[in-house]
Number of protein chains: 2
Amino acid sequence: MHDPFVAFETELDRAHGLEDRLDAAQAALAAYGFTSMIYDYTPVPFAHDGELITPSLLKLRNIEANMADLWCRGGYYQIDPVQLVAAKSATPFVWSYAQPEGSALGRVMAPRHAPVVSYLKDTRMTCGVTVPIHLSGGDFATFTGIRIDPEGDFGAALRQHLAAISLIGHIFHGAVYPDFDPRIRTCQHVKLTAKEIECLRLTAQGLTAKQIAHKLDRAVGTINLHLTLAIKKLGAKNRVQAIARAAHYRLLDGAC
Amino acid sequence: MHDPFVAFETELDRAHGLEDRLDAAQAALAAYGFTSMIYDYTPVPFAHDGELITPSLLKLRNIEANMADLWCRGGYYQIDPVQLVAAKSATPFVWSYAQPEGSALGRVMAPRHAPVVSYLKDTRMTCGVTVPIHLSGGDFATFTGIRIDPEGDFGAALRQHLAAISLIGHIFHGAVYPDFDPRIRTCQHVKLTAKEIECLRLTAQGLTAKQIAHKLDRAVGTINLHLTLAIKKLGAKNRVQAIARAAHYRLLDGAC
DNA sequence: GGCAAAGCTAGCAAATTTACTAGGGGGTGG
DNA sequence: CCACCCCCTAGTAAATTTGCTAGCTTTGCC
């Protein structure tokens with residue numbers, strides 16, 4: 001029996017680069033009746049204040065050109081209720097803005113989400129499947145299939161495909177993730193200099209500023225200033241809180 | 001068309017408690033030819049030194065009685081290569097000890113894993129599917145179907161069911177997770193007292209020992225001692241490293 | 001009921017951090 | 001080519017942390 005997932009994996013192996021693989025994923029979704037696709041990746045889903053962080057990678061297929069701008073620069077990502085559900089759950093889910101009542105989406109929707117809901121209704125992308133992909137390092141991706149102008153019962157029909165779309169999403173992510181460059185993989189929510197990050201990591205490993213100064217062959221004053229500037233950029237009150245936030249933003253590269 | 005996943009969800013809704021739901025999941029797996037099931041959950045998959053942490057919940061169905069003891073108290077969990085692959089990946093996968101070559105399992109297997117491999121061969125549980133479930137909080141579960149005495153081509157046949165088993169695993173976890181009690185959800189790798197944790201959390205929020213003393217109406221010496229003891233238990237060199245490790249073990253409850 | 005262990009209480013000297021100060025060099029844009 | 005901004009360099013007084021000290025209370029077990 002021909003396995004569609006093996007065929008998809010073969011397609012992904014043959015594709016060269018992210019854009020080709022996105023096209024392959026789009027074709028795989030089309031076989032299930034989807035017209036559009038969204039894939040995004042973020043090293044850290046939430047800021048320390050609980051706000052969703054704009055992803056470092058957002059890719060669209062067959063979607064209005066202004067969506068990327070609204071989501072990445074217009075603040076729409078932070079008020080996207082589907083993204084909120086995905087960030088807090090690990091289970092793939094069908095969503096519909098036409099009939100959100102009784103669903104996970106319906107439970108999180110609030111007035112602040114209205115601009116996103118309006119936009120998706122205007123562009124007739126009111127129905128889809130989202131696969132949350134939480135990764136072992138705390139990073140996070142979503143893989144979404146959307147149907148433009150869905151028929152009345154398309155949402156119900158989607159449930160038949162949830163298992164397949166979920167696996168396609170995981171296979172796709174597994175294929176593209178190894179090629180992400182360091183800028184995509186690193187949280188840009190707070191921008192620290194290389195010296196600031198280096199000093200934070202050594203501090204998280206238990207070295208005092210004096211020990212770091214000796215290790216890096218620099219004056220203690222220099223190390224203290226790097227740490228102080230990092231504390232300020234992280235909005236922390238002191239060095240300890242800065243380390244807690246740096247850990248949250250996964251800037252420590254596992255150092256502890 | 002009858003949706004087996006909706007039927008499974010209904011079954012889980014009707015079940016009372018974790019054990020009943022495990023039975024329901026076992027029955028769902030049996031429909032795909034599996035004979036046995038494993039589900040486990042851990043608030044933190046890895047210790048700060050990279051070693052796998054024994055899960056706070058491990059449930060087995062139709063598996064040798066001594067497996068729980070070997071895995072939870074005998075150190076086998078730490079040398080289980082399937083668990084290592086699952087902890088580092090998010091994609092569900094088929095595994096076979098009969099023919100591990102060329103698979104993710106084969107790439108991680110090393111001599112230190114031999115006791116686990118021997119045990120699974122002795123108990124004829126050499127083939128299965130594992131669904132890693134990484135959660136948004138950093139916690140982690142696995143859902144595994146196993147076939148005892150698999151026929152020669154069972155591994156290949158399993159690929160047909162990977163999508164279905166993956167969704168079943170996610171649905172099952174989603175059904176049981178809300179009822180986990182705090183002891184299961186809290187990392188027990190390092191045991192700190194309530195006062196130690198309280199002082200660590202307040203420290204991570206940027207309060208000095210003096211400020212904490214004022215807030216808790218205690219002497220500074222008292223706060224300092226709680227923090228010092230926590231530092232020792234975490235094996236840290238100082239307060240900053242203790243916070244980095246507490247964050248790693250998710251003892252801070254998001255505090256930063 | 002008694003004993004031991006664990007947890008919480010608190011003080012102090014030495015070491016470290018915090019929060020300010022200031023200058024030089026490199027890169028980018030006009 | 002020059003000016004401005006950013007990053008890296010470094011010093012110091014006041015505040016805080018570290019790492020030890022010791023005693024009291026509570027809890028659990030025999």
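Sequence lines set the chain letters: A, B, ... in the order given, protein chains first and strands last, and positions in each chain run from 1.
- Residues A:Ala219 and B:Thr208 both approach DNA chain D. Their nearest nucleotides, taken by heavy-atom distance, put A:Ala219 toward the 5′ side.
- Between B:Gln241 atom CD and C:dT16 atom C1' the separation is 16 Å, expressed in whole Å.
- Atom-to-atom, CG of A:Leu225 to C1' of C:dT18 comes out at 12 Å; the value is rounded to the nearest Å.
- In this structure, A:His214 places its NE2 atom 17 Å from C1' of C:dT16, rounding to the nearest Å.
- Between the C1' atom of D:dC8 and the CG atom of A:Leu229 lies a distance of 10 Å, rounded to the nearest Å.
- Distances shorter than 4.0 Å separate some side-chain N or O of A:Thr222 from OP1 or OP2 on D:dA10.
- Of the side-chain N and O atoms in A:His226, one or more sit less than 4.0 angstrom from OP1 or OP2 of D:dT9.
- Between A:Glu196 atom CD and D:dC6 atom C1' the separation is 11 Å, expressed in whole Å.
- What separates NZ of B:Lys210 from P of C:dC12 is a distance of 15 Å, to the nearest Å.
- Side chain of A:Lys233, nearest nucleotide from D:dC7, C:dC20, D:dT17: D:dC7.
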Q: Show the numbers, then the answer: is there a side-chain contact (heavy atoms from CB on, under 4.5 Å) between B:Gln83 and B:Tyr76?
A: CA-CA 10 Å; B:Gln83 285 300 329; B:Tyr76 273 45; over 6 Å; no
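- Counting non-hydrogen atoms of other residues, nucleotides and ligands closer than 6.0 Å to NZ of A:Lys88 gives a total of 12 or fewer.
- A donor-acceptor pair under 3.5 Å is absent between the side-chain atoms of A:Tyr41 and the main chain of A:Asp139, judged by distance alone.
- For B:Ala209, counting side-chain heavy atoms from C-beta on, the closest listed nucleotide (D:dT17, C:dA19, D:dT9) is D:dT17.
- Proximity of A:Thr193 to the phosphate of D:dC8: a side-chain N or O atom is located under 4.0 Å from OP1 or OP2.
- Atom CD1 of A:Ile212 is separated from atom C1' of D:dA10 by 16 Å (rounded to the nearest Å).
- At a threshold of 4.5 Å between non-hydrogen side-chain atoms, the residues B:Thr203 and B:Ile223 do not count as touching.
- Counting only heavy atoms from C-beta outward, the side chains of A:Arg245 and A:Val190 never approach each other to under 4.5 Å.
- Residue-level contact check: B:Lys237 touches the backbone only, with heavy atoms under 4.0 Å from sugar-phosphate atoms and none from bases.
- Among the heavy atoms of the strands lying under 4.0 Å from B:Asn224 is at least one base atom, whether or not backbone atoms are also near.
- For A:Leu227 and C:dC20, the CG to P distance is 16 Å, given to the nearest whole Å.
- Of the side-chain N and O atoms in A:Arg239, one or more sit less than 4.0 angstrom from OP1 or OP2 of C:dT18.
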